[in-house]
Amino acid sequence: MSKRCDHLIDYMNGHLSEEEKQAFEVHLETCSDCQEELNELKELTSDLGFLSEPIDPPPSMKERVLSAAFEEKAPTEPEKVSEPVEFKPKKKNRWIMPTMAAALMLSLVGNAFLFTELASSPEEGEEIPSVSIDSLVQQLSLQPSAEDIPFEARASFVDKDQHQQLIVEADQLSQPADTEVYQVWLLKDEEPYRAGTFTPGEDGSGMSTFDIDPEMGFDTIAITIEPDETSEQPEGEIVLLQEL
Amino acid sequence: MPKKDVDVYVRLRQGDKDALELMYDRYGKLLYSFSYKMTEDQQFSEEIVQEVFIKIWTQKSSYDETKGKFSSWLLTITRNTVIDHLRKKRETASEIATKEMAEDPDPSVEDQVEWNEKRGVVREAIEQLKPEQQNVIVLFYYRGLSQQKIADQCDIPLGTVKGVSGLP
Ligand SMILES: [Zn+2]
């Protein structure tokens, strides 16, 4: 990570001088850390504008806005404006991210509505540097158990007041048949415990949250496809199995 | 609804003025309210909305589905426009912070379904965060502050921030 990386927040918020900005953009083209983080921040924040308290614009504003626009030349063929390229996030690690990630995950709880890409995982098992935030304990990138299973999944352990929460989030899931569901398991010494159930949405993403007891010392996480949501023991195909 | 946004947008791009008007009816209030949340200045907010609508009408900013949801894209453009104006303000150093006639706007109700729904969900989510976490989001996202200022206001020792980000 170079010194330039430190400019990301200020780049997003327009606090760089013209030279710094250009230098950062050059840096951005080759720095995957910054590309990933920029994308993540964009995704994490993309719905925050909806939080705005509704206020009524002046009634005459519509007229002013529209006539100001119509005074400009009407659209022709869209110009190819060079906008920042979108990059796929993979990992990240700076101080503002844990907060955004926490916000993100909380907004996801019970509502698979927002972001398709979760603030993703650092290296396996690596703890996120905790500067101001202590709620996000660990994030893992989960690997499918076979190469022909396309999905991407992430697991996050978040400290709540009295307990810990496991949040599993996945994309590119294939639609299970009928009553089938994706079931998350936590294992300790090969003994499985149910740890969340989900079915994918139309876009193939899904998530579950589950309260866990951190004292249990689970050693493995698994996801299976179960015939329905009542399985007490894994019966179906294992799509993922990974040590914690 | 999202599908329809795209249809309206396609018409807009072909120079259909009604389409731009429809876009205003649908999103003018959201963008205005969002600008106000960032700037706390109604006059300024109107200028922002106006600029955003000029940008989409002239295709200075153009949308396609790779950019995610249309509404989120509009919000992003709006935020970028605010950020840009704030930067210019700082550069001209016109520290005339006296807001004339700075009355607070009357709160309103929103009938746009998507906004209503998301507002509830996002608010619920944010409320679960610790106050200092909420603060970071406000300072970073809505106020658009610099990293240094966020660190200062959040009492995050800059040394720690730099340590984490790999600086000496
Ligand atoms: Zn970088």
Side-chain angles (χ1 to χ4, degrees), chain A residues 1-3 5-10 12-15 42-43 45-58 61-62 64-66 68-70 72-79 81 83 86 93-96 99-100 102-109 111 113-114 129 131-133 135, chain B residues 12-13 15 17 20-21 24 28-30 32-34 36-37 46 49-50 53-54 57-60 62 66 68 72 75-76 78-79 83-84 86-87 105-110 115 118-119 121-123 125-126 128-129 132-133 136-137 140-141 144-147 154 156 160-161 164-167:
Chain A
M1 181 160 316
S2 91
K3 190 169 184 291
C5 300
D6 209 34
H7 279 172
L8 181 69
I9 299 292
D10 290 340
M12 267 190 85
N13 281 351
H15 289 276
K42 282 185 186 165
E43 284 164 10
T45 55
S46 67
D47 279 349
L48 284 178
F50 285 105
L51 193 61
S52 311
E53 298 77 15
I55 53 172
D56 287 318
M61 179 175 137
K62 176 175 173 179
R64 287 195 293 273
V65 166
L66 291 179
F70 294 147
E72 305 285 324
K73 76 176 168 59
T76 47
E77 278 303 290
E79 296 169 45
V81 186
E83 301 209 12
E86 295 294 325
N93 58 4
R94 243 158 303 147
W95 68 277
I96 206 167
T99 291
M100 288 304 191
L104 161 73
M105 280 184 291
L106 287 164
S107 41
L108 281 167
V109 172
N111 299 282
F113 86 104
L114 262 181
V131 177
S132 58
I133 309 304
S135 61
Chain B
L12 184 159
R13 228 168 47 178
K17 292 186 175 181
L20 191 72
E21 183 174 354
Y24 182 90
K29 185 170 170 180
L30 172 64
Y32 183 75
S33 302
F34 179 41
Y36 185 79
K37 187 173 177 68
E46 174 166 341
V49 175
Q50 181 162 318
F53 274 81
I54 290 174
W57 177 246
T58 58
Q59 298 287 311
K60 223 173 145 186
S62 72
T66 64
S72 302
L75 288 168
T76 303
T78 304
R79 183 177 187 274
I83 293 285
D84 210 42
L86 292 176
R87 184 177 53 75
D106 293 327
S108 162
V109 262
E110 182 41 48
W115 183 4
K118 288 203 170 169
R119 184 159 169 258
V121 176
V122 175
R123 186 167 53 189
I126 299 276
Q128 291 183 57
L129 295 173
E132 62 267 28
Q133 292 175 313
V136 170
I137 289 175
F140 167 70
Y141 190 74
L145 294 189
S146 66
Q147 179 157 340
C154 293
I156 301 170
T160 320
V161 175
V164 172
S165 55
L167 286 175

Inset, instruction - Classify the ring geometry between B:Trp57 and A:Phe70 as parallel (under 30°), tilted (30 to 60°) or perpendicular (over 60°). - result: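 The rings of B:Trp57 and A:Phe70 stand perpendicular, inter-plane angle above 60°.
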
Legend entry - B:Glu21/A:Lys62 salt bridge by N-O under 4.0 Å criterion: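 The answer is yes: the pair qualifies as a salt bridge.
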
Legend entry - Which portion of B:Thr76 sits near chain A, non-hydrogen atoms under 4.5 angstrom: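 Neither part.
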
Legend entry - Contact class of B:Phe53 relative to chain A, heavy atoms under 4.5 angstrom: both

Legend entry - Donor-acceptor pair, side chain of A:Asp10 and main chain of B:Gln147, under 3.5 angstrom: yes

Legend entry - chain B contacts, top residue of A:Val65, A:Ile55, A:Asp56 (heavy-atom pairs, under 4.5 Å):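 When all of A:Val65, A:Ile55, A:Asp56 are compared, A:Ile55 has the most.
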
Inset, instruction - Show the numbers, then the answer: is there a side chain to side chain contact (heavy atoms under 4.5 Å, CB included) between B:Arg79 and B:Ile83? - result: CA-CA 6 Å; B:Arg79 183 177 187 274; B:Ile83 293 285; 4.1 Å; yes

